[in-house]
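Have a look at the structure below, then the notes.
Within every chain, numbering begins at 1; the chains are lettered A, B, ... in the order of the sequence lines, protein sequences first and strands thereafter.
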Amino acid sequence: MSPGHYVALAVILFVIGGVGVLVRRNAMVIFMCVELMLNACNLAFVGFARAHGNLDGQVIAFFVMVVAAAEVVVGLAVLMAIFRTRRSASVDDASLLKY
Amino acid sequence: MTTLAATGVQHAAWLILAFPVLGSAVLLLGGRRTDRWGHLLGVAAPLAAFGYGLACFAALLGYPAAQRSRDLHMFSWIAVARFRVDVGLLQDPLSLSFVLLITGVGSLICIYSVGYMAHDSDRRRFFGYMNLFIAAMLLLVLADDYLVLYVGWEGVGLASYLLIGFWQFKLTAATAAKKAFIVNRVGDAGLSLAIMLMFATFGSVTFSGVFSRAHLAGPGVLAALGLLLLLGACGKSAQVPLQSWLLDAMEGPTPVSALIHAATMVTAGVYLIVRSHVLFDLSPTARLAVTVVGAVTLLWGAIIGCAKDDIKKALAGSTMSQIGYMTLGAGLGPAGYIFAIAHLLAHGFFKAGLFLGAGSVMHGMDDEVNMRRYGGLARLLPVTFVTFGLGYLAIIGVPPFSGFFTKDPIIEAAFDKGGTSGAILGTAALVGAGITAFYMTRIMLMTFTGKRRWEEAGPQAQASQDQHPAPHPHESPPVMLWPMILLAVGSVGAGAFLIINNRFVDFLAPVVGTPPTAHGIWTGPGLGALGLTAVGIAIAWAMYGRRDVPALAPAGRFPVTAARRDLYGDAFNESVLMRPGQWLTRLSVYFDNRGVDGLVNTLAATVGGTSGRLRRVQTGFVRSYALAMFFGAALLVGALLLVRL
């Protein structure tokens with residue numbers, strides 16, 4: 001398995017995540033898609049690290065994990081708050097912050 | 001004459017100013033708390049100033065004639081680089097004559113006002129303004145500096161405005177006050193330009209600085225200075241072409257008309273010209289302009305005075321005309337300066353007396369001013385009749401009353417000028433004397449003799465019979481009569497006292513120069529004036545004495561209607577100045593609304609409309625934002641790739 005396969009997989013996962021963010025309405029699913037994109041990035045980092053033979057990419061992957069964890073904490077809290085007040089997890093419903 | 005430092009009594013001459021300043025400050029700042037005793041303070045302050053003025057005058061008389069110009073330095077007001085203004089009081093025969101006139105006549109009129117304004121709930125405010133006026137007028141005549149004079153000049157303008165509009169609830173009074181203020185602004189602009197020109201030319205605005213360097217200036221600058229000063233004098237003294245405000249100013253209470261619009265403030269222009277005599281001596285052009293203004297005004301005011309049925313407006317026309325005489329005298333150079341001031345002082349007495357008499361008549365007639373509703377008042381108001389009559393004899397110049405001594409030298413000096421201009425000016429002054437006799441006789445006859453027209457119910461009176469019963473004319477209280485009596489004494493004796501033995505000529509000569517020719521008492525022009533006066537009286541008697549005066553003014557033909565409308569002065573101002581000004585403002589408002597605002601508004605509307613449309617992009621849908629981010633990111637990546645390639 002060459003690093004090219006890992007990168008190809010990462011692209012596929014990123015595109016799936018991106019399309020999911022754009023087309024799904026459920027905030028939970030959008031969240032999961034965002035996670036998918038983050039992990040696709042991690043995979044790409046690790047794959048490139050392997051290809052170049054140094055550890056930089058792997059270190060960055062750890063950073064991404066930490067940021068993702070923090071983002072999950074904040075994001076889920078916001079999601080909970082919205083769900084409690086609106087009884088809905090659809091992102092299209094929460095569209096009051098507009099012109 | 002060199003100016004020396006003031007010493008002795010004169011060293012405290014600031015007290016003359018301090019009394020009325022203090023009086024007005026207490027009355028105007030003290031508010032209603034001073035209502036009960038305000039009028040007493042209002043009388044005491046000018047009286048105290050008069051007392052101290054007399055002391056300074058006596059001290060001045062103690063010096064030899066050549067040392068009678070005394071300057072009191074008070075404080076340094078402005079000191080910026082080369083521009084330096086010190087506030088000082090110049091005490092010389094000219095300024096102290098004015099001080100005595102202002103405080104003396106002012107005190108008498110204040111005493112009179114105690115009675116005249118007794119029923120006015122705002123009497124205290126009235127006295128506050130009167131004191132303010134006296135203070136400003138004293139500053140005007142005592143200043144040793146054009147800029148300080150200008151402060152007083154503006155101060156009397158303010159006091160005049162406040163007092164003309166004293167009864168603000170009357171729309172006519174409020175409008176008249178504004179008119180007086182605005183017309184005066186035109187003259188004030190002239191004076192302020194003159195002061196700036198002085199500083200630019202001479203580097204100084206003090207009298208001594210300007211006069212000592214005056215001969216260094218070119219004829220053009222001197223003529224410009226003279227004409228600008230004349231413009232200032234025209235505004236303050238109601239001379240043609242800035243005469244229109246004086247007749248409307250009669251809306252103020254009668255003591256105001258007597259003090260400000262007859263005896264003192266309106267003569268400030270004459271004072272300005274005589275005080276600046278050094279400049280006028282050097283500029284024949286400016287002097288000619290002054291004489292022309294004076295001659296035109298003396299006829300203008302006299303003609304207006306002939307047609308007015310309002311007693312105060314008739315007297316106002318007469319004031320305008322008499323100040324025209326003074327201006328004419330002042331324009332004649334050293335031959336006329338002293339007689340202009342002598343006539344000014346005598347006029348201060350008799351015209352103030354006449355106005356107070358008119359006020360006394362109005363007081364007895366329920367504030368009626370229309371002389372066609374008077375008649376036969378001589379028996380009912382005997383003291384008023386006699387004092388008014390003495391003022392009347394003084395103004396028309398019957399010997400041995402004041403006007404005879406002070407007006408005739410001006411007429412004579414006008415003829416002495418020689419040449420065509422002298423003949424024209426002298427003839428104008430002579431004719432003016434005849435017209436003066438006519439309108440003053442008319443006032444006397446319409447007011448004090450003939451049928452008692454206020455008893456008969458005319459069509460107007462019948463309509464308002466229920467609210468206004470026929471008046472019951474009664475003599476005024478002693479507090480009003482005594483000032484009238486004292487002023488009548490002045491109108492009888494002032495002229496003779498000043499002119500006989502050359503008393504006033506010798507007194508003022510060190511300040512303004514000796515007249516080139518000595519004047520006798522009985523001269524050709526003087527006798528001519530007497531003859532014309534007799535003719536004027538005869539015509540007035542034929543028109544108003546022999547026949548009954550109709551209670552309603554007859555329609556009248558061209559010259560009468562023109563004089564009733566102030567010789568179209570207001571119509572001229574309206575059509576030549578006001579209407580074009582209005583059009584100009586309308587045009588600029590239109591340009592501002594459509595042009596300037598249009599441009600700005602179009603720009604703002606464009607930005608507003610565009611942003612209103614762009615705003616629609618903010619849908620609030622998370623997914624569309626995410627899409628925008630993707631496209632943005634894709635664009636960035638694409639751009640980076642492109643750059644790398």
Out of the candidates B:Tyr150, B:Trp153, B:Tyr146, only one should pair with B:Ser192 under the side chain to side chain contact (heavy atoms under 4.5 Å, CB included) rule; please name it. B:Tyr150
N/O donor-acceptor pair under 3.5 Å between A:Thr85 side chain and A:Ala81 backbone: yes
Side chain from CB out, backbone as N, CA, C, O: work out which of these in A:Ala27 comes under 4.5 Å of a heavy atom of chain B, or both, or neither. neither
Under 4.5 Å from any heavy atom of chain A, what part of B:Phe621 do you find: side chain, backbone, both or neither? both
Need one label for A:Leu22: side chain, backbone, both or neither, based on atoms under 4.5 Å from any heavy atom in chain B. both
Taking the basic N atoms (NZ, or NE/NH1/NH2) and the acidic carboxylate oxygens, is any pair closer than 4.0 Å for B:Asp570 and B:Lys179? yes
Pair B:Asp122-B:Trp167, side-chain donor/acceptor within less than 3.5 Å: no
